[in-house]
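The first residue in the sequence is number 1, and the count goes up from there.
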Amino acid sequence: MKKVLNGLKWFVLHIEEIIAVTGIAVMLCAVFFNVIMRYCFRNPTAWSDELAMICLAYVTFVGGAAAYKKNLHFGIDIIVDRLPPKGRMLIRQLMNFAFIILFGYLTILGYRLTINAVKVFNYSGWSYKIMDAALPLGFLSMTVYAVYFFIQSFTDKEAYRLRYENNYEEDNVDQELVEASRDIFSGEERGDCK
């Protein structure tokens, strides 16, 4: 029973990544299938393009939520980094509060877009609601995480600080990747690479 609960917990904590990876996999398969059908059999399938568009929406919005959760979006912190620690904390708390409002509002707009969608795809006949649902799903996830991080900024200040402070430090880079890159480029300089 404990394994099932741990598996369920892992699934819930990684749902955005699962959806995004599944979307990429399905999109690649659909595009590859259509390329084979077009160039090998001279019989392209239009529904595969539509499926790829739907998957791209989920990869974009739900994958964006996964990146937000792990603080992987690019940011320009030049001004914030020059502030004292209390100033940085205050600015980040204000930003998180603004994100709650922004993401919440975009969730509502995305929900309205999805509910009011009447168009259908030309070839498959699928409703645009399938694709439009990616928008509120992604922004709802971002809203939940923005609320979580905002609460964390008051309850666990050290974890909140480390979320931002250590994100782009060299110590966090995968050392195996750094060493592999160093080996590749040092081999070129010596003329070892062919």
Side-chain angles (χ1 to χ4, degrees), residues 6 9-25 27 55-114 131-190 193:
N6 286 340
K9 179 181 176 184
W10 182 90
F11 180 81
V12 169
L13 290 176
H14 295 90
I15 189 70
E16 296 89 3
E17 292 93 338
I18 293 167
I19 292 171
V21 167
T22 303
I24 287 175
M27 182 171 57
C55 291
L56 180 62
Y58 282 89
V59 169
T60 301
F61 292 109
V62 181
Y68 175 71
K69 171 174 66 173
K70 295 183 178 185
N71 198 25
L72 295 175
H73 288 288
F74 287 109
I76 301 172
D77 298 335
I78 295 170
I79 296 171
V80 176
D81 286 345
R82 296 183 187 273
L83 294 174
K86 288 186 179 183
R88 281 188 294 225
M89 178 69 84
L90 179 63
I91 293 293
R92 289 181 176 134
Q93 286 173 328
L94 291 173
M95 285 175 27
N96 263 351
F97 185 73
F99 287 156
I100 292 169
I101 294 168
L102 175 67
F103 296 154
Y105 182 64
L106 290 171
T107 301
I108 292 167
L109 290 180
Y111 176 76
R112 288 180 184 164
L113 176 74
T114 303
M131 182 173 66
D132 293 343
L135 185 80
L137 186 63
F139 281 113
L140 177 63
S141 178
M142 286 190 239
T143 305
V144 168
Y145 285 112
V147 169
Y148 172 78
F149 296 135
F150 186 70
I151 292 169
Q152 183 188 46
S153 72
F154 295 102
T155 60
D156 190 356
K157 291 184 180 195
E158 184 61 18
Y160 184 77
R161 184 187 68 77
L162 290 175
R163 169 179 161 75
Y164 293 99
E165 302 285 327
N166 292 338
N167 196 40
Y168 303 112
E169 299 295 325
E170 285 186 29
D171 296 340
N172 294 331
V173 176
D174 185 358
Q175 288 304 313
E176 290 179 18
L177 183 62
V178 171
E179 290 170 15
S181 298
R182 191 177 306 129
D183 291 343
I184 290 170
F185 292 115
S186 66
E188 283 182 359
E189 291 171 4
R190 291 190 315 258
C193 290

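T143 approaches I100 most closely through the heavy-atom pair CG2-O, 4.2 Å. Here the shortest heavy-atom pairing between A146 and F103 reads CB-CD1, 4.1 Å.
Taking the ring centre of Y164 as origin, the terminal cationic atom of R88 falls outside the region bounded by 6.0 Å and 45° from the ring axis.
With a 6.0 Å radius and a threshold of 12 heavy atoms from other residues, nucleotides or ligands, I78 has its CD1 atom at or below the threshold.
Rounding to the nearest 0.5 Å places CZ of F139 at 12.5 Å from CD1 of I108. Taken to the nearest 0.5 Å, the CD atom of Q152 stands 11.0 Å off from the CD atom of Q93. Here the straight-line distance linking atom CZ of R92 with atom CZ of F99 works out to 11.5 Å at 0.5 Å rounding. Rounding to the nearest 0.5 Å gives a distance of 4.5 Å between CZ of F11 and CD1 of I18. Atom CG of L56 sits about 9.5 Å away from atom CD1 of I24, to the nearest 0.5 Å.
Using bins of under 30°, 30° to 60° and over 60° for the plane-to-plane angle, the ring pair H73/Y68 lands in the tilted bin. By the 30° and 60° cut-offs, the orientation of the rings of F154 relative to F150 is perpendicular.
Looking only at side-chain heavy atoms (C-beta outward), F149 and S153 stay at 4.5 Å or farther from each other. Contact check for L140 versus Y111: no side-chain heavy atoms found under the 4.5 Å cut-off.
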